[in-house]
Structures are given as C-alpha cells and as structure tokens.
Amino acid sequence: MKKLLVVFTLILTSFIFKANAQVNVSFNVGAQPVWGPVGYDYAEYYYLPDVDAYYYVPQRQFIYKQGKKWVFSPTLPPKYRGYDLYHGYKVVINDPRPYDHHDIYYVKYAPYKGKKGQMIIRDSHDERYWVIKGHPDHGKWKAAKYPGKGPGKGPWKGKGHGKH
C-alpha cells in the first residue's frame, strides 16, 4: 500500500508540474530581412561587428552610436552607406536592449569583424524562409498558401495586401 501511495504521489506531482509548465515558443521568421543569417526561428537583434551597430528586427531599425547617444534609424549612418549587409557577418542576440551592454558584445564578437561566408536567408532553400517577402522562393510560398490563385488573383495583387 505504501508503494502504491508513493507511485500515486509521483504521478500526481508530475502531472501538476506539467500542467503548470508554460511553454513560450516565439517565431518571427517572416519579420527577418533576407540578408539575415539562417538557422533562427526567432531573432530580436543582429549585431553587425563590421560597422559596430545593431539591427532591431521587430522595428526594422539600425541602432548605432553617434557621439555618446544611441541612434535608431531605418538606415545605417552615411559613413557606412556602401556596407554590404548580404556579405557582412551578423550575430543574433536575443537579449533585450543589447546596446546597453555594448562593451560586452563589442569584445565578445570582435573576432567576427571581417568574417565572410555566413549563409543568409535569401540564399537558403529552407521552406520556412519562403514567407519572407524578397526571398527568391516567396512566390512558391504564396502559391502554396493560396492554391489556385495565379498572379494578380490573390490578396497580394497590386501594391496592398488587403481586400480588393
């Protein structure tokens, strides 16, 4: 009887822990730019060691230091106008406000400065990236999502994505 009570208690405890466990799974593949690195279902920030700047994926903003202030901008500063986002190395950082701890990230990712050869989303054949507008296979994703809808027949026709 004692063994049965122990087994019952273990099963009940296990059930309670499983019931209380919260699984927080986030995906933002569709929000990532086609020049982003492959292999991530979620990316909040990219650190760009070549230009010592961050890219905030949800807001599509670059964050870089200008003097003593952090600037949030849809573009990199003019001195990096020619920087090639497709070939520069990107480090995914999923910590909130990494620029507040820039001294740590700057040192930690300094060895990646000038590094090449990182696979980017645009060049990936992984179907999960097809959802990203600008990916070469985005049309295949639309065709699968909207079967029987040829060009100009789906909700993506024209400039908007709403009802027509």
Side-chain angles (χ1 to χ4, degrees), residues 13-142 144-146 155-156 159-163:
T13 304
S14 173
F15 177 74
I16 290 170
F17 279 117
K18 285 182 182 177
N20 287 331
Q22 293 182 352
V23 178
N24 186 9
V25 179
S26 296
F27 298 98
N28 74 343
V29 171
Q32 296 177 45
V34 291
W35 49 263
V38 299
Y40 301 92
D41 289 329
Y42 183 81
E44 189 164 358
Y45 290 91
Y46 299 142
Y47 176 60
L48 313 170
D50 292 337
V51 295
D52 195 27
Y54 299 88
Y55 181 78
Y56 185 42
V57 175
Q59 296 293 318
R60 295 185 169 114
Q61 289 182 321
F62 291 95
I63 305 167
Y64 54 89
K65 201 140 193 190
Q66 196 168 47
K68 293 186 178 191
K69 289 181 65 178
W70 286 102
V71 175
F72 295 74
S73 172
T75 60
L76 284 168
K79 70 179 178 178
Y80 294 118
R81 189 178 324 261
Y83 179 68
D84 184 358
L85 290 165
Y86 289 87
H87 293 98
Y89 200 84
K90 280 80 59 183
V91 179
V92 172
I93 299 176
N94 287 325
D95 293 334
R97 301 172 54 104
Y99 45 89
D100 285 346
H101 307 287
H102 181 65
D103 53 335
I104 294 168
Y105 293 113
Y106 180 79
V107 171
K108 184 175 183 177
Y109 298 116
Y112 293 93
K113 191 170 187 170
K115 188 172 180 177
K116 305 288 182 210
Q118 185 179 42
M119 173 69 83
I120 59 170
I121 290 170
R122 178 196 64 190
D123 299 337
S124 171
H125 297 292
D126 188 334
E127 292 181 18
R128 69 180 159 165
Y129 296 119
W130 293 3
V131 67
I132 301 172
K133 191 174 183 179
H135 189 281
D137 292 319
H138 183 66
K140 291 180 186 176
W141 172 80
K142 286 194 301 190
K145 184 171 172 131
Y146 305 103
W156 57 85
K159 292 183 180 181
H161 294 278
K163 294 179 182 176

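When a residue number appears, it is its place in the shown sequence, counting from 1. None of these values were measured; they are calculated from a predicted model.
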### Query
How many angstroms lie between CG in D84 and NZ in K116, if you round to the nearest 0.5 Å?
7.0 Å
### Euclidean distance, Q66 CD relative to S73 OG, rounded to 0.5 Å
9.0 Å
### Task
Could you grab the distance from atom CD of E44 to atom OH of Y56, nearest 0.5 Å is fine?
5.0 Å
#### Entry: Non-hydrogen side-chain atoms of V71 and P77 separated by less than 4.5 Å
no
### Query
Heavy atoms, side chains only, cut-off 4.5 Å: are V38 and D126 in contact?
no
### Query
Considering only heavy atoms from C-beta outward, does the side chain of Y80 approach that of T75 to under 4.5 Å?
no
### Message
Any heavy-atom pair between the side chains of K90 and Q118 that's under 4.5 Å?
### Response
yes
#### Entry: D52-Y47 side chain donor-acceptor pair, cut-off 3.5 Å
yes
### Query
How far does NE2 of H138 sit from NZ of K145, to the nearest 0.5 angstrom?
9.5 Å
### Query
Partners of V131 by side chain to side chain contact (heavy atoms under 4.5 Å, CB included), sequence neighbours excluded?
V29, W141
#### Entry: I93 side chain near Y54 side chain, heavy-atom distance below 4.5 Å
yes
### Message
With a 4.5 Å cut-off on side-chain heavy atoms, are R122 and P136 touching?
### Response
yes
### Straight-line distance of W70 CH2 to I63 CD1, nearest 0.5 Å
8.0 Å
### Task
Compare every heavy atom of G39 with every heavy atom of Y129, then report the nearest pair and how far apart it is.
OH-N, 2.6 Å
### Message
What I'd like to find out is whether the side chain of L76 reaches to under 4.5 Å of the side chain of V51, using heavy atoms alone.
### Response
yes
### Message
Tell me if the OH atom of Y106 is crowded by more than 12 foreign heavy atoms within 6.0 Å.
### Response
no
### Query
Are Y45 and N94 close enough that a side-chain donor and a side-chain acceptor fall under 3.5 Å?
no
### Task
Measure the shortest side-chain to side-chain distance between D123 and V34 over non-hydrogen atoms and say whether it is less than 4.5 angstrom.
no
### Validation row, ring centre W35 to ring centre Y46 under 6.0 Å
yes
### Task
List the atom of A31, the atom of V57, and the distance in Å for their closest heavy-atom pair.
O-CG1, 3.6 Å
### Summary
Residues at least two apart in sequence or cross-chain that pass side chain to side chain contact (heavy atoms under 4.5 Å, CB included) with D137, listed by chain then number, are H125, W130, H135, K140
### Query
When rounded to the nearest 0.5 angstrom, what distance separates NE2 in H101 from NZ in K108?
12.5 Å
### R128/D41 salt bridge by N-O under 4.0 Å criterion
yes
### Query
Where is the tightest heavy-atom contact between I121 and P37, given as atom of each residue plus distance?
CG1-O, 3.8 Å
### Message
Against D50, only a single residue in Y112, Y89, Y83 fulfils side-chain hydrogen bond (donor to acceptor under 3.5 Å, both in side chains); can you say which?
### Response
Y83
